[in-house]
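The structure appears below as structure tokens.
Computed from a predicted structure; not experimentally measured. A note on names: the letters A, B, ... follow the listed sequences, proteins ahead of strands, and every chain is numbered from 1.
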Amino acid sequence: MSFQVFDSLSKEKRVFQPLEPGVVRMYNCGPTVYGRAHIGNLRTFLFADVLRRWLECRGLRVVQVMNITDVGHLLDDADEGEDKIEAQARREQRDPWEISRGFTELFLRDMRALGCKEPAVRPKASEHVPEMLAIIEGLLAKGFAYQVGGDVYYEVAKFPRYGRLSGNTVAELEAGARIDVREEKRHPADFALWKSDPKHLMKWTSRFGPDGFPGWHIECSAMARKHLGDQLDIHTGGEDNVFPHHECEIAQSEAFTEKPFANYWMHAKFLQVDGGKMSKRLGNVWNLDDVEARGYTPRQLRFALIRGHYRGPLNFTWGILEEAKSALAKLDDLVSDVQAAVRGERVAPDPRTGAEALAGARPRFEQGLDDDLNVPQALAALFELRSAFLEGGVGRATAQEALDFLRRADASLGVLQLTEATLDARMQQLIAARAEARARKDWPASDRIRDEIAALGVVLQDTPQGVVWRKKA
RNA sequence: GGCGGCAUAGCCAAGUGGCCCAAGGCGACGGAUUGCAAAUCCGUUAUUCCUCGGUUCGAAUCCGAGUGCCGCCUCCA
């Protein structure tokens, strides 16, 4: 079976085939660091992380590039010109560079907390201005761009494929006619490659003047090209990036290099909160701190956000997080039961017991992820394995193989807890003390100790085979 | 107004022409286990896939119409 991905450009599932055998060049549209990443942002980046992990599990070397947009993301794409980071800086009365540095730090911390693997490169827009200017010059030379005073615009009419990704062709944009006409532009859909404005704080000198700064779309074209070359295998982003951002990137990059830009475009569906768009007004723009303040761990959030298919809508509520927490605890139990069986605890007499269930779960898991990252399918395989082991038991040899499988499952999903839990001396003492109390049938004392143990995060179960303990996340 | 997506049990969520009287999860209910248990286990929980037509030997899956919801076109992953 081969890995299939849904390509939003061709709008069909296609077998994934890297341009260079064995290597995947992947560009993930990263955050604009003018604010704290919220759970909607996080969903998109978690999708990119799972994608990267699965490609690696399939034996491919992934060169993952995720940018940080720290300059150039205009508030208004129709170009009136305030930069989002500068706007935030003005609100906070702080230096824009300080704003972007601060939120970049927070973003990286969130990514680490959520178990996202570190990309090979995290380029910053502000450090790629010369590369952007090089593309702009090239586009001017080829006649795809034109200069008006200190501004440079891309002329969409010159690029016939404009609109292929989003369906917003030049003709349809005219029909829609919601773009403000700016006198100096030749067509309302033309977008800025470079702007000049003396009031700007983050600005660069170029032949277009001393007060220049880049347009929003050019940075990704420039960074992708610098770090991955003219052609990428995969380009990802949130669905809101389809238009205008990615449409414009294609126009810039392909006009400049005369080669197809990305072979596969993958877009994660928007996250909703309480059935609608999250909004500052409703106060439901949650971030990782809010989630933790409610008593949930980053790992639980990760599970909740990757549990559904990335192309399906996800309606976030505190309820689904609670649900995710319960479900994840069951998977944790599966892991610790298998680990115990590997140690020879609570194993079935026949070492091969459970082998059939494992033989069924493994391909189901793989086929799920191979089918455009069908995480729900892959997870179902894990839950089925759990039921089968509980019902029929697991032998020691099978347990060892199952543990290898779970390691692979975790390598791709990043949500399991595979480090073996151990009990410290104090905990062992408490458990022994409780056993003693139980032997004396001193139930009040036994229950008191059990509560104490529970408060320390360990749950005890009395089974016919003795006491089983589990750490609860 | 233009472009696009989605509608499956109480809830979340796979499946996209026969393996489906529809996976998996959460919850609920019943039972088991237990000194007790909020812990654990077992069982039950959609003859049906938004509605109405159509295509087909056969449709949740294809086509048409309708309804509802969502996204983009303006900030946003």
Side-chain angles (χ1 to χ4, degrees), chain A residues 8 11 28-32 34-35 37-48 73-78 80 82 84 87 163 165-169 171-180 189 216 236-245 247 267-272 275-280 285 303-304 307-317 319-331 333 337 364 368 371 374-387 390-391 438 441-444 446-447 450-451 454 459-464 468-470 472:
Chain A
S8 4
K11 288 160 186 66
N28 309 126
C29 259
T32 301
Y34 68 106
H38 56 247
I39 53 177
N41 303 127
L42 299 179
R43 179 194 198 193
T44 301
F45 301 132
L46 284 168
F47 147 65
H73 197 152
L74 299 177
L75 274 174
D76 179 355
D77 191 60
E80 214 22 85
E82 192 167 23
K84 294 169 80 163
L165 178 69
S166 63
N168 290 325
T169 59
E172 260 138 15
L173 285 168
E174 277 164 8
R178 273 185 55 179
I179 304 170
D180 293 336
W216 172 31
T236 73
E239 65 167 337
D240 58 315
N241 280 156
V242 170
F243 189 86
H245 190 50
E247 194 71 67
H267 293 98
K269 193 86 177 168
F270 242 65
L271 175 109
Q272 293 173 238
K277 247 186 124 149
M278 69 179 112
S279 74
K280 290 209 175 90
V285 185
F303 186 66
R307 216 160 58 112
H309 191 99
Y310 75 91
R311 274 193 299 120
L314 173 62
N315 181 23
F316 181 90
T317 59
I320 68 143
L321 194 47
E322 186 61 29
E323 191 181 316
K325 179 183 176 177
S326 303
L328 186 56
K330 301 256 172 110
L331 290 181
D333 289 350
D337 285 351
R364 183 148 187 231
D371 183 11
N374 192 333
V375 175
Q377 186 91 242
L379 288 172
L382 296 183
F383 280 102
E384 279 167 4
L385 183 67
R386 174 175 182 272
S387 302
L390 281 171
E391 202 183 326
R438 290 190 79 222
K441 295 203 193 299
D442 182 354
W443 309 128
S446 154
D447 290 351
R450 184 172 61 192
D451 290 346
V459 176
L460 297 183
Q461 282 166 48
D462 300 315
T463 73
V468 175
W469 58 267
R470 290 201 162 100
K472 289 293 167 191

Pairs: protein N or O with nucleotides 38-43 of chain B N or O, under 3.5 Å:
{"from": "B:rA39", "atom 1": "O2'", "to": "A:Gln461", "atom 2": "NE2", "distance (Å)": "3.4"}
{"from": "B:rU40", "atom 1": "O4'", "to": "A:Gln461", "atom 2": "OE1", "distance (Å)": "3.3"}
{"from": "B:rC41", "atom 1": "OP1", "to": "A:Arg386", "atom 2": "NH2", "distance (Å)": "2.3"}

Give me the distances for all protein-to-nucleotides 15-19 of chain B N/O pairs that come in under 3.5 Å?
{"from": "B:rG15", "atom 1": "OP1", "to": "A:Asn374", "atom 2": "ND2", "distance (Å)": "2.9"}

Report all interatomic pairs (protein N or O, nucleotide N or O of nucleotides 10-12 of chain B) with separations under 3.5 Å.
{"from": "B:rC12", "atom 1": "O2'", "to": "A:Arg307", "atom 2": "NH2", "distance (Å)": "3.4"}

Give every pair of a protein N or O atom and an N or O atom of nucleotides 67-70 of chain B that lie under 3.5 Å apart, one pair per line with the distance.
{"from": "B:rC70", "atom 1": "O2'", "to": "A:Gln272", "atom 2": "OE1", "distance (Å)": "3.4"}

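Every ring-ring contact (aromatic ring centres under 6.0 Å, His included) that A:His245 has, sequence neighbours left out, goes to A:Trp216, A:His217. The side-chain contact (heavy atoms from CB on, under 4.5 Å) search around A:Glu322 returns A:Tyr296, A:Lys325, not counting sequence neighbours. In this structure, the side chain to side chain donor-acceptor pair (under 3.5 Å) partners of A:Gln377, at least two apart in sequence or on a different chain, are A:Arg364. Considering only residues two or more places apart in sequence or on other chains, A:Asn28 meets the side chain to side chain donor-acceptor pair (under 3.5 Å) condition with A:Gln64, A:Thr236. Remark: A:Phe45 pairs with A:Phe107 by the ring-ring contact (aromatic ring centres under 6.0 Å, His included) rule, at least two apart or across chains. A:Arg438 is linked by a side chain to side chain donor-acceptor pair (under 3.5 Å) to A:Asp462, counting only residues two or more places apart in sequence or in another chain.
Separation of the C1' atoms belonging to B:rU74 and B:rC3 is 15 Å when rounded to the nearest angstrom. Taking the C1' atoms as reference points, B:rA23 lies 13 Å from B:rC19, given to the whole Å. The gap from the C1' atom of B:rC41 to that of B:rG54 amounts to 50 Å, rounded to the nearest Å. Of the P atoms belonging to B:rC26 and B:rG43, the separation is 14 Å, rounded to the nearest Å. As rounded to the nearest Å, B:rU40 and B:rA46 have P atoms that lie 24 Å from one another. Separating the C1' atom of B:rU8 from that of B:rA59 is a span of 14 Å, rounded to the nearest Å. Separation of the C1' atoms belonging to B:rC52 and B:rU45 is 30 Å when rounded to the nearest angstrom. Going from the C1' atom of B:rU16 to that of B:rC62 covers 10 Å, rounded to whole Å.
Rounded to whole Å, atom C1' of B:rG25 lies 15 Å from atom CG of A:Leu321. Computed from coordinates, the A:Phe303 CZ to B:rG24 C1' distance equals 10 Å when rounded to whole Å. Here the C1' atom of nucleotide B:rA13 and the CD atom of A:Glu384 are 14 Å apart, to the nearest Å. Rounding to whole angstrom units, OH of residue A:Tyr310 and C1' of B:rA77 are separated by 15 Å. Rounded to an integer number of Å, the gap from CZ of A:Phe243 to P of B:rG2 is 16 Å. Atom-to-atom, CG of A:Asp447 to P of B:rC36 comes out at 11 Å; the value is rounded to the nearest Å.
From A:Glu384, atom CD reaches atom CG of A:Leu382 across 9.5 Å, with rounding to the nearest 0.5 Å. Separating the CG atom in A:Leu379 from the CG atom in A:Asn374 is a distance of 9.5 Å, to the nearest 0.5 Å. To the nearest 0.5 angstrom, A:Leu165 atom CG is 10.0 Å from A:Phe243 atom CZ. Atom CD of A:Gln461 is separated from atom CZ of A:Arg450 by 11.0 Å, given to the nearest 0.5 angstrom.
A 4.5 Å side-chain heavy-atom check between A:Tyr310 and A:Val375 finds every atom pair outside the cut-off. Proximity of A:Ser326 to A:Leu328: side-chain heavy atoms (C-beta onward) are nowhere separated by under 4.5 Å.
Remark: the backbone N or O of A:Gly163 is paired with a side-chain donor or acceptor of A:Glu247 at under 3.5 angstrom. Formation of a donor-acceptor pair under 3.5 Å by the A:Asp371 side chain with backbone atoms of A:Gly368 is not found in this model. A:Thr317 contributes a side-chain N or O that, together with a main-chain N or O of A:Ile320, makes up a donor-acceptor pair within less than 3.5 Å. Remark: the backbone N or O of A:Ala324 is not paired with any side-chain donor or acceptor of A:Arg307 at under 3.5 angstrom.
Contact check of residues 38-48 of chain A against RNA chain B (heavy atom, cut-off under 4.0 Å) returns A:His38, A:Gly40, A:Asn41, A:Thr44.
Helical stems in RNA chain B, defined as runs of 3 or more consecutive Watson-Crick or G-U wobble pairs with both donor-acceptor distances under 3.5 Å, are listed by first residue as B:1-7 with B:67-73, B:10-12 with B:24-26, B:27-32 with B:40-45, B:50-54 with B:62-66.
B:rG24 has no base stacking with the ring of A:Phe383 when judged by centroids under 5.5 angstrom apart and an interplanar angle below 30°.
Between A:Asn241 and A:Arg364, the residue anchored closer to the 5' end of RNA chain B is A:Arg364, taking for each the nucleotide with the nearest heavy atom.
A salt bridge links A:Asp337 with A:Arg470: at least one charged nitrogen is closer than 4.0 Å to a carboxylate oxygen. Of the charged side-chain nitrogens involved, none lies within less than 4.0 Å of a carboxylate oxygen, so that A:Glu239 and A:Arg311 do not count as a salt-bridged pair. For A:Lys330 and A:Asp333, the salt-bridge test fails: no basic side-chain N is under 4.0 Å from an acidic carboxylate O.
A:Leu382 comes within contact range of no nucleotide atom at all, as no heavy-atom separation falls under 4.0 Å. Counting non-hydrogen atoms under 4.0 angstrom, A:Ala327 reaches the backbone sugars and phosphates but no base.
A donor N or O paired with an acceptor N or O is found under 3.5 Å between the base of B:rG35 and the side-chain atoms of A:Ser446.
The two residues A:Arg43 and A:Pro313 make their nearest non-hydrogen contact at NH1-C, 4.3 Å.
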